[in-house]
S.K.: 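My structure is below; once you've seen it, I'll send some questions.
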Protein chains: 2
Amino acid sequence: MQGVSLRRITKEADVNLASIHYHFGSKENLFRRVLERRIEPLNAERLELLGTVESGSAKGVLSLEAVLEAFLAPAVRLRYNRSGAGVLFSALMGQIFQNPDSEIRALAAQLFREVYLRFLSALGNALPGLTEEERRWRFHLMVGTAAFTLSAPGGLIGDGGSLADGGMFVDGNPLPDDPDEALSRLVSFLTAGMRSRGPSQGEGA
Amino acid sequence: MQGVSLRRITKEADVNLASIHYHFGSKENLFRRVLERRIEPLNAERLELLGTVESGSAKGVLSLEAVLEAFLAPAVRLRYNRSGAGVLFSALMGQIFQNPDSEIRALAAQLFREVYLRFLSALGNALPGLTEEERRWRFHLMVGTAAFTLSAPGGLIGDGGSLADGGMFVDGNPLPDDPDEALSRLVSFLTAGMRSRGPSQGEGA
DNA sequence: GACTGATTGAAACGTTCGTATGATTCAAGC
DNA sequence: GCTTGAATCATACGAACGTTTCAATCAGTC
């Protein structure tokens with residue numbers, strides 16, 4: 001709720017300051033509506049893709065790649081495609097996940113709840129060997145990887161302050177220009193991680 | 001630089017408001033010093049562990065697990081151990097990575113620059129088959145996974161607004177209570193991802 | 001015990017914030 | 001063409017912000 005003022009928003013939108021309270025009631029309500037407007041289509045697309053994966057396969061186990069792709073592809077496409085709003089929205093989501101204000105996180109979490117449960121269940125089908133705790137943990141790791149990668153402000157935007165420019169990723173943008181390439185890299189990295197033998201059973205090459 | 005006021009800081013620290021400007025000059029300078037105080041020991045510990053890994057192995061390839069552990073262990077320990085400051089600092093770092101203010105990100109990136117380069121080079125030894133671009137990309141994914149996991153405000157702190165409580169991770173805290181368990185899970189997930197066959201060469205079980 | 005330089009104190013500065021108010025503009029119905 | 005309800009406008013309010021100011025306090029030194 002901080003970081004941008006209503007005065008800047010209304011100026012950029014070329015509307016009067018008071019109109020926000022007339023139409024939305026409060027800054028918080030405006031924020032909630034912005035979130036819903038972007039997240040709901042994202043959720044719908046994810047569920048539709050997952051449905052296709054589930055109905056396409058026999059009643060047996062699901063393909064892990066396909067499930068992860070159903071989860072990741074809409075987010076990657078959103079990040080790359082929608083005019084320039086996708087970049088901004090992805091950055092916004094990254095900030096929300098890290099926001100110390102628990103009410104803001106709760107609001108976002110609520111909007112993702114149904115999709116989360118559906119994919120967690122699908123992951124159970126795709127990875128039948130895992131305990132539920134391990135499955136949740138790995139899903140969390142997967143979400144974190146995708147969220148950080150897609151939302152890092154310095155990723156796509158070379159604005160001089162990215163990790164790329166400032167020192168961490170010295171030689172440029174870690175996100176590929178091509179969304180399909182970004183997606184397939186994410187999927188291959190994450191399927192390997194999701195299938196890893198786990199911490200307790202020993203590890204090796 | 002926003003999210004907490006100097007008035008709240010000075011009240012919590014039980015000092016006078018003006019003393020910050022006397023000792024630090026500005027809010028921004030105080031912020032920089034706070035970052036340095038935490039990051040510099042973290043950097044030193046990471047480099048020391050990496051040095052041990054490098055000198056311990058023959059001149060051949062490094063163990064990927066060992067390199068990742070040298071990178072991750074200090075951050076995990078920081079998150080879990082240091083009184084309660086580790087949780088707060090980890091949350092702060094998560095916010096910094098996602099901050100739209102490029103100067104703040106540049107400041108943090110600069111503090112991590114040397115460590116980044118050393119580990120990127122070490123990863124080249126541990127994973128000799130990768131192109132440099134692919135190596136950078138996977139390192140980015142690794143940092144993202146660790147940063148998101150360790151810093152998510154709702155992870156360790158059950159404050160009612162975490163993903164866990166609000167809907168995403170419905171049944172509780174995704175971070176284990178035991179730092180060693182968190183570390184070994186991170187390492188096994190990430191080594192598998194780092195070693196994945198990659199997007200172009202095809203994929204499968 | 002007065003002097004000095006460093007530190008801390010209370011108070012105020014000018015801005016900016018979200019919100020509220022009441023007049024004004026505008027399109028639609030008759 | 002007047003009425004009516006929705007929408008927009010300029011403006012103001014009180015609170016909170018980072019910063020500044022300058023007097024009060026403190027620890028050493030002679």
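Since this is a predicted model, take the numbers as computed values, not measurements. Below, chains carry the letters A, B, ... as their sequence lines are ordered, and counting in each starts from 1.
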S.K.: In terms of side-chain geometry, is the basic nitrogen of B:R118 or B:E114 positioned less than 4.0 Å from the acidic oxygen of its partner?
M.R.: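 No, this pair does not count.
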
S.K.: Under 4.0 Å from OP1 or OP2 of C:dA6: is there any side-chain N or O of B:H23 that close?
M.R.: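 Indeed not, no polar side-chain atom of B:H23 lies that close.
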
S.K.: Using the test side chain to side chain donor-acceptor pair (under 3.5 Å), find all partners of B:S90 that sit at least two apart in sequence or belong to another chain.
M.R.: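 For B:S90 there are no side chain to side chain donor-acceptor pair (under 3.5 Å) partners, ignoring immediate neighbours.
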
S.K.: Which residues pass the side-chain contact (heavy atoms from CB on, under 4.5 Å) test with A:A122, not counting sequence neighbours?
M.R.: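 Once residues adjacent in sequence are excluded, the partners of A:A122 under the side-chain contact (heavy atoms from CB on, under 4.5 Å) criterion are A:L50, A:E54, A:L62, A:V67.
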
S.K.: I need a per-nucleotide contact map over nucleotides 12-25 of chain C, read 5' to 3'. Cutoff is protein heavy atoms under 4.0 Å; write B for the base, S for backbone only, - otherwise.
M.R.: B----BBBBB----

S.K.: Between P on C:dT7 and OH on B:Y22, what's the gap in Å once rounded to a whole number?
M.R.: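 Whole-Å distance recorded here is 4 Å.
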
S.K.: Please identify each residue that fulfils side-chain contact (heavy atoms from CB on, under 4.5 Å) with A:V61, with sequence neighbours left out.
M.R.: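 Expected list: A:P128.
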
S.K.: Show me, pair by pair, the donor-acceptor contacts under 3.5 angstrom made by side chains of residues 14-23 of chain A, not counting sequence neighbours?
M.R.:
unit_1: A:N16; atom_1: OD1; unit_2: A:A18; atom_2: N; d: 2.9
unit_1: A:S19; atom_1: OG; unit_2: A:N16; atom_2: O; d: 2.6

S.K.: Considering only heavy atoms of chain A and a distance under 4.0 Å, specify the first and last nucleotide of DNA chain D in 5' to 3' order that meet this criterion.
M.R.: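 Range of nucleotides within reach of chain A: D:dA6 to D:dA12.
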
S.K.: Can you list everything that forms a ring pair (Phe, Tyr, Trp, His ring centres under 6.0 Å) with A:F31? Sequence neighbours excluded, please.
M.R.: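 Once residues adjacent in sequence are excluded, A:F31 has no partner under the ring pair (Phe, Tyr, Trp, His ring centres under 6.0 Å) criterion.
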
S.K.: Partners of B:E181 by salt bridge (Lys or Arg N to Asp or Glu O under 4.0 Å), sequence neighbours excluded?
M.R.: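 Scan of B:E181 (salt bridge (Lys or Arg N to Asp or Glu O under 4.0 Å), adjacent residues dropped) gives B:R185.
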
S.K.: Test of understanding: with side-chain contact (heavy atoms from CB on, under 4.5 Å), list the residues that count as partners of A:S26, not counting sequence neighbours.
M.R.: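 Scan of A:S26 (side-chain contact (heavy atoms from CB on, under 4.5 Å), adjacent residues dropped) gives A:E28, A:N29.
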
